[in-house]
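One structure below.
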Amino acid sequence: MRIWFKIFQDNHLLRDTVITDDGNDTRTHKIFNALEQACYQFDLSKPLWLDATVAEFKRHAKARFYQDNFVEEIDFDFLEIHVIEE
């Protein structure tokens with residue numbers, strides 16, 4: 001599984017990373033582990049999965065985390081997660 005994480009500010013891509021996980025974990029565990037790794041790379045706190053975020057991710061295999069998803073203040077508009085390969 002490959003998951004692409006992107007940070008946007010004013011519709012411009014600021015940073016991105018791709019996390020690859022070929023382990024035997026479940027899809028959910030792979031996504032949570034990749035999110036944790038990406039947040040570590042970006043020096044961010046882990047965002048909260050709100051109901052709207054979960055619904056968007058289930059529908060499109062892609063979701064955006066806005067300020068409402070983070071406990072701490074963020075200096076960008078949103079973090080996007082996108083499953084690019086299962």
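All figures in this text were calculated on a predicted structure; none of them were measured in a lab. Along the sequence shown, the residues carry numbers beginning at 1.
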Connected via hydrophobic side-chain network under 4.5 Å: I84 and F5: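 Result: no, two separate clusters.
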Cluster link L14 to F65, ILVMFWY, side chain under 4.5 Å: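 Yes, L14 connects to F65 through the hydrophobic network.
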Within 6.0 angstrom of E85 CD, more than 12 heavy atoms from elsewhere: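 Enclosed.
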Exceeds 12 heavy-atom contacts within 6.0 angstrom, atom NZ of K46: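 Not more than 12 within 6.0 Å, no.
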Pair L13-F8, side chain to side chain contact (heavy atoms under 4.5 Å, CB included): steps then yes or no: CA-CA 5 Å; L13 178 66; F8 286 90; 4.1 Å; yes
Verdict with reasoning, I31 to W49, per side chain to side chain contact (heavy atoms under 4.5 Å, CB included): CA-CA 12 Å; I31 291 164; W49 286 85; 4.1 Å; yes
Candidate pair L44 and F76, rule side chain to side chain contact (heavy atoms under 4.5 Å, CB included), full reasoning: CA-CA 11 Å; L44 296 173; F76 52 88; 3.5 Å; yes
Contact summary for D22 and M1, nearest pair of heavy atoms: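 The answer is OD1-N, 3.7 Å.
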Closest non-hydrogen atom pair between F70 and S45, with its separation: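 Shortest heavy-atom contact: CE2-O, 3.3 Å.
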Whether H82 and W4 hold their rings parallel, tilted or perpendicular, with breakpoints at 30° and 60°: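 Ring orientation of H82 relative to W4: parallel.
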Polar side-chain atom of Q67 near backbone of I74 as donor-acceptor pair, under 3.5 Å: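 Yes, because the side chain of Q67 sits within donor-acceptor range (under 3.5 Å) of the backbone of I74.
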D21 (side chain) donor-acceptor with G23 (main chain) under 3.5 angstrom: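 Side chain of D21 to backbone of G23, a donor-acceptor pair under 3.5 Å: yes, one is there.
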Steps toward side chain to side chain contact (heavy atoms under 4.5 Å, CB included) verdict (I81, I3): CA-CA 7 Å; I81 176 176; I3 305 172; 3.5 Å; yes
Nearest 0.5 Å, what's the [atom1]-[atom2] distance between [X] and [Y]?
X: D77; Y: Q9; atom1: CG; atom2: CD; answer: 4.0 Å
X: R2; Y: T20; atom1: CZ; atom2: OG1; answer: 5.5 Å
X: N24; Y: H29; atom1: CG; atom2: NE2; answer: 13.0 Å
X: I19; Y: L35; atom1: CD1; atom2: CG; answer: 9.5 Å
X: R64; Y: F57; atom1: CZ; atom2: CZ; answer: 14.0 Å
X: N69; Y: T53; atom1: CG; atom2: OG1; answer: 4.0 Å

Side-chain ion pair, K62 and E56, N-O less than 4.0 Å: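 Between E56 and K62 there is no salt bridge, as every charged N stays at least 4.0 Å from the carboxylate O atoms.
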D16 vs I7 side-chain heavy atoms within contact, under 4.5 Å: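 The answer is no, as the side chains (C-beta and beyond) never meet within the 4.5 Å cut-off.
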